[in-house]
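Being a predicted model, the structure only gives us computed values, none of them experimental.
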Amino acid sequence: MEIDIQNLLFEFFGGLGIFLLGIKYMGEGLQKTAGDRLKDILDKFTSNPFMGVLAGIVVTILLQTSTGTTVLAVGLVNAGFMTLRQSIGVIMGANVGTTVTAFIIGIKIEEYALPIVAVGALLLFFFKNQKLQNYGQTIFGFGALFLGLDLMGSGLYPLRYLEAFHELTIEMSGNPILGMVIGTVFTFVVQSSSGTIGILQNLLGQGLVDLDAAMPVLFGNNIGTTITAVIASIGASIAARRAALTHVIFNLIGATVILLLIHPYTALIASIREALGLNAEMTIAFAHGIFNVANLIIFFPFIGLLAHLVTKLIPGEDSVIDFKPTHLDPIFIQQSPAVALDQAREEIIRMGEYAYKGLEETALFLNNHQTKHAENAFQIENALNKLDREITDYLVQLSVAQLSDADSERHSALIDSVRDIERIGDHFENVVELIQFKISNKIIITEDAKKDLNKMIDLTNLTVKEAIMSLSEMDRVKALEVVKHETQIDRMEKSFRKKHIIRLNEGKCSGSSGIVFVDILSNLERIGDHALNIAEEVLGEKIPETVH
C-alpha cells in the first residue's frame with residue numbers, strides 16, 4: 001500500500017499541536033478556576049517534604065504539566081521562598097501528578113471530542129461571567145486534547161504498512177536503551193511528557209507497537225522532562241540549580257533502575273491488564289502511574305541524602321537572601337508585648353535593607369540592561385510583599401495586647417513604616433518595568449537624560465538608605481538628612497522635567513522616550529516621599545511642605 005507521507009505528517013503534527021494546545025488550555029482553565037494561587041499553594045503548603053509532595057501533585061494536576069510545576073519550584077527556590085528540601089518534595093509530587101493526564105487519555109472518549117469542544121466554545125464566547133469562561137476554557141481544552149489524539153491516531157494509522165517502522169519497533173523490543181533514548185529525545189523536542197505518553201498510548205492502541213517496545217519509551221520520557229527545568233535554572237541561584245539537578249538525579253536513577261527490571265515490570269503490567277481488562281491507553285497510564293508512585297515511595301526517605309548529594313555536586317554559598325521572617329516569635333505577643341514590638345522593628349529594618357538592595361538592582365539594570373538585575377529586583381519586590389503580610393499580621397495580633405501609650409505610638413509608627421517600605425518596592429518594580437518597556441520597544445534616551453536619571457536614582461538610593469539607618473538607630477540627625485535630601489529629590493524632579501520639555505521642543509528626544517523618562521522620575525520622587533514618611537516616624541512629627 002502506498003503511504004501519503006504529506007497527509008501522515010500533516011495529520012500527526014496537526015493533531016499533536018491540537019493535543020498540546022488542549023493540555024495547555026485545560027491547565028490554564030483549571031488554574032484560573034482554582035483562583036490562580038498556585039505559587040501560594042507551593043509557598044504555604046510545603047512546610048515539610050510530605051506536604052511538598054502533596055502540593056506538587058495538586059499543582060501539577062491543575063497546571064497539567066510536571067515541567068511547569070518543577071520550573072515554578074525552581075523559581076521559588078531562586079527567590080528564597082522555598083528551601084531545597086521542600087522543593088525536592090514538590091518535584092517528586094509533580095512526577096505523580098503528571099500521570100493524571102495519562103489516565104484522562106485512558107478514558108477514551110474521542111468520539112465525543114467535538115461536542116465537548118462545542119460546549120467549551122459556547123461557554124467561552126457567549127457568556128460574560130468570568131467563572132463560566134474559566135469552566136469553558138477547561139472544557140474546551142479537555143475536548144481539544146481528545147480531538148488532537150484522534151487526529152494523531154489517523155496520522156499514525158498508515159505506519160502499520162511501513163516496513164522501516166516495523167523494524168524499529170522490533171529493535172526497540174529487543175533493545176530497551178534505544179526505546180529510552182527515543183522517549184528522552186522526543187519529550188525534550190515536544191517539551192511535554194504528556195505529549196510523548198499520548199502518542200505512545202495511540203501507538204499501542206492501534207497495535208503499531210507492543211508493550212515490550214512501549215515501556216522503555218515511557219521511562220525515557222521521564223528523563224526528557226527534566227531538561228526544561230535544567231534550562232530554567234541556567235543563570236539562577238545555586239539553590240535553584242541544585243533543585244533542577246535533584247529533578248534530573250531523581251528521574252534518571254528511577255528510569256535506570258526500572259530499565260534493569262524492565263522484563264519483570266512489563267510482565268507485571270501485562271498481568272494487571274489481563275486482570276482488570278484494561279484498554280491499551282489505560283495500560284500505559286497504569287504503567288506510568290505505578291512506576292512514578294513506586295519511585296516516590298522508594299526515594300521519599302532519602303530526601304535529606306539527595307539534598308546533601310546535590311549540595312556536594314554544586315558547592316558554594318548560596319547568595320539568595322532568606323526572605324522568611326527571622327524575628328517574629330509569636331510567644332512574645334502574650335508574654336512581653338514590648339519585646340514583640342522590638343522584634344517587629346528588627347524585622348522591618350531587615351525589610352528596609354532588602355528594599356535598598358532592590359533599588360541597587362534597579363540602578364544596575366538601568367545602566368547595563370542585564371536581565372539578572374531585573375529578575376533580582378522582582379524577586380526582592382515579591383519578598384517585600386511577603387514580609388509586609390507577615391509583619392502586618394504580627395502587628396495586628398500584637399494590637400490586642402495591653403500596650404502602654406508610648407508602645408501604642410511605636411506600634412502605629414511601625415505599621416506605617418511597613419507600608420512605606422512595601423510601597424518603595426512597588427515603585428522600583430515600576431521603574432524596572434519601564435526600563436524593560438524601553439528596551440523591548442527600542443526607545444532611545446539621550447545621554448543628558450541618562451545623566452539626570454542616574455543623578456536622581458543615586459540620591460534616591462542614598463535617601464532610602466539613610467531613612468532605614470535612622471529607623472534602625474532611632475537617629476534624629478540621619479532622619480533630618482532624609483528630610484533635606486527628599487527636598488533635593490523634589491527639586492530635581494521639577495528641574496529635570498523642565499529640561500526634558502526643552503529637549504522635546506528642540507527635537508532631541510521622542511515623545512515615547514519622554515514618557516518613560518518622566519514616569520521614572522515620578523516613581524523615584526514617590527520613593528523619596530516614602531523615605532520621608534519613615535524619617536517622620538523617627539522624628540515623631542510631620543514635616544510641613546514648606547520645610548522640604
Side-chain angles (χ1 to χ4, degrees), residues 79-81 320-328 340-363 365 376-399 409-433 456-476 478-483 485-486 489 520 522-543 548:
F81 291 150
V320 168
I321 305 158
D322 181 8
F323 291 136
K324 292 189 184 296
T326 56
H327 298 93
L328 306 182
L341 267 178
D342 286 334
Q343 295 281 296
R345 187 167 148 274
E346 287 300 315
E347 201 60 58
I348 291 165
I349 290 158
R350 261 185 88 238
M351 183 182 174
E353 287 166 356
Y354 292 161
Y356 176 68
K357 285 181 190 292
L359 277 166
E360 284 184 323
E361 293 291 343
T362 305
F365 185 51
N376 289 343
F378 286 140
Q379 285 163 10
I380 291 169
E381 201 280 326
N382 280 332
L384 291 177
N385 291 341
K386 183 178 173 59
L387 284 170
D388 170 42
R389 288 195 301 270
E390 299 265 6
I391 297 168
T392 303
D393 286 349
Y394 189 78
L395 289 169
V396 167
Q397 289 173 44
L398 187 55
S399 64
E409 282 184 21
R410 282 174 67 208
H411 180 271
S412 177
L414 290 176
I415 282 182
D416 290 340
S417 295
V418 172
R419 189 190 64 238
D420 282 309
I421 294 169
E422 190 275 330
R423 292 293 291 134
I424 287 170
D426 291 343
H427 287 297
F428 73 62
E429 182 184 40
N430 291 346
V431 173
V432 172
E433 285 172 351
M456 189 160 168
I457 203 166
D458 287 345
L459 182 58
T460 306
N461 287 6
L462 175 65
T463 309
V464 170
K465 194 173 189 179
E466 285 175 340
I468 302 307
M469 285 169 69
S470 72
L471 181 66
S472 173
E473 298 159 18
M474 292 309 284
D475 188 330
R476 289 182 61 84
K478 282 194 172 70
L480 289 168
E481 281 293 306
V482 172
V483 176
H485 286 142
E486 197 276 334
I489 289 171
I520 292 174
S522 178
N523 277 285
L524 293 174
E525 190 273 329
R526 293 294 296 129
I527 290 171
D529 289 346
H530 290 294
L532 176 67
N533 291 345
I534 295 166
E536 286 175 342
E537 298 298 349
V538 174
L539 295 167
E541 59 180 321
K542 200 84 177 146
I543 308 298
H548 62 89

Participant: Apply side chain to side chain contact (heavy atoms under 4.5 Å, CB included) to I421 and I468, showing your working.
Facilitator: CA-CA 9 Å; I421 294 169; I468 302 307; 4.2 Å; yes
Participant: Can you check whether T460's main-chain N or O pairs, donor with acceptor, with H485's side chain at less than 3.5 Å?
Facilitator: no
Participant: Enter the distance from L480:CG to R476:CZ here, rounded to the nearest 0.5 Å.
Facilitator: 6.0 Å
Participant: For the residue pair I348 and S417, what are the closest heavy atoms and their distance?
Facilitator: CG2-CB, 4.4 Å
Participant: One pair to check against side chain to side chain contact (heavy atoms under 4.5 Å, CB included): D342 and R410. What are the steps and the verdict?
Facilitator: CA-CA 10 Å; D342 286 334; R410 282 174 67 208; 2.6 Å; yes
Participant: Do L524 and I489 touch side chain to side chain, with heavy atoms closer than 4.5 Å?
Facilitator: no
Participant: Could you report the tightest heavy-atom contact between L395 and L341, atom names first, then the distance?
Facilitator: CD2-CD2, 4.3 Å
Participant: Can you check whether S472's main-chain N or O pairs, donor with acceptor, with R345's side chain at less than 3.5 Å?
Facilitator: yes
Participant: Report yes if the side chains of M351 and E347 come closer than 4.5 Å at any heavy-atom pair, otherwise no.
Facilitator: no
Participant: Please report the closest heavy-atom contact between E525 and M456, naming both atoms and the distance.
Facilitator: N-CE, 3.8 Å
Participant: What distance do E536 atom CD and D529 atom CG have between them, rounded to the nearest 0.5 Å?
Facilitator: 9.5 Å
Participant: Quick one: list whatever passes side chain to side chain contact (heavy atoms under 4.5 Å, CB included) with K478, sequence neighbours left out.
Facilitator: M469, S470, E473, D475
Participant: Could you tell me whether K386 and E390 have a side-chain N and a carboxylate O separated by less than 4.0 Å?
Facilitator: yes
Participant: State, yes or no, whether a side-chain contact exists between E537 and N533 at a heavy-atom distance under 4.5 Å.
Facilitator: no
Participant: Working note: H530 + R419, criterion side chain to side chain contact (heavy atoms under 4.5 Å, CB included); need CA distance, chi angles, decisive distance, verdict.
Facilitator: CA-CA 9 Å; H530 290 294; R419 189 190 64 238; over 6 Å; no
Participant: Grab the two heavy atoms, one from V482 and one from A467, that are nearest each other, plus how far apart they are.
Facilitator: CG2-N, 3.4 Å
Participant: Roughly how far apart are E381 CD and D426 CG, rounded to 0.5 Å?
Facilitator: 5.0 Å
Participant: Nearest 0.5 Å, please: how far is CD1 in I457 from CD1 in I520?
Facilitator: 8.0 Å
Participant: Among I391, L384, T392, find the residue that satisfies the side-chain contact (heavy atoms from CB on, under 4.5 Å) test when tested with D388.
Facilitator: T392
Participant: Does the side chain to side chain donor-acceptor pair (under 3.5 Å) test come out yes or no for Q397 and D393, once each step is laid out?
Facilitator: CA-CA 6 Å; Q397 289 173 44; D393 286 349; 6.0 Å; no
Participant: What is the distance from atom CZ of R526 to atom CG of N430, rounded to the nearest 0.5 Å?
Facilitator: 11.0 Å
Participant: Does any donor atom in the side chain of Y356 or E360 lie under 3.5 Å from an acceptor atom in the other side chain?
Facilitator: yes
Participant: Give, for atom NZ of K465 and atom NZ of K357, the distance between the pair rounded to the nearest 0.5 Å.
Facilitator: 9.5 Å
Participant: Where is the tightest heavy-atom contact between G358 and F428, given as atom of each residue plus distance?
Facilitator: CA-CZ, 3.7 Å
Participant: Any idea which heavy atoms bring A531 and T463 closest together, and the distance?
Facilitator: CB-CG2, 3.9 Å
